[in-house]
Amino acid sequence: MEKVILQVGGMSCGHCVNAIEGSVGKLSGVHNVNVNLAKGTVAVEFEPSTVTLTAIKEEIDEQGYELA
């Protein structure tokens, strides 16, 4: 299990939190997603043998948010 904290720009409300947590959380191999709106971060716990960090970042990007 690996845990990363990503800086994400463009998040401003509860909808943003739900969009990211929902889409990233559905990826196979992702065990936990926690968005901190105040800090502009997304913490993700995942199994690197199942899902790549690149795939997680792409999912956030597809939701319309910017990785710092």
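Predicted model, so just to flag it, every value in this text is computed and none were measured. Excluded from the calculations below are hydrogen atoms, water molecules and symmetry mates; all remaining heavy atoms, backbone and side chain alike, are included.
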query: Taking only residues two or more places apart in sequence, or in another chain, which ones meet Val17 in a side-chain contact (heavy atoms from CB on, under 4.5 Å)?
result: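 Val17 satisfies side-chain contact (heavy atoms from CB on, under 4.5 Å) with Glu21, Val35, Leu37 once adjacent residues are dropped.
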message: Taking side-chain contact (heavy atoms from CB on, under 4.5 Å) as the definition, give me every residue that meets it alongside Asn36, ordered by chain and number, with sequence neighbours left out.
response: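 Checked Asn36 against side-chain contact (heavy atoms from CB on, under 4.5 Å); matches are Ala38, Lys39, Thr41.
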field: Where Ile5 and Ala43 come nearest, the two heavy atoms and their spacing
entry: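 Where Ile5 meets Ala43 most closely, the heavy atoms are CG1-CB, 4.1 Å.
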field: Nearest atoms (heavy-atom pairs only) where Gly10 meets Cys16
entry: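 Nearest heavy atoms, Gly10 then Cys16: O-SG, 4.2 Å.
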Show me the donor-acceptor pairs, under 3.5 Å and distance only, between side chains in residues 51-65 and residues at least two apart or in other chains.
residue, atom, partner, partner atom, Å
Thr52, OG1, Ala55, N, 3.0

Is the shortest side-chain heavy-atom distance between [X] and [Y] below 4.5 Å?
X     : Y     : value
Val4  : Phe46 : yes
Glu2  : Glu45 : no
Val30 : Val44 : yes
Val8  : Glu66 : no
Val33 : Val42 : yes

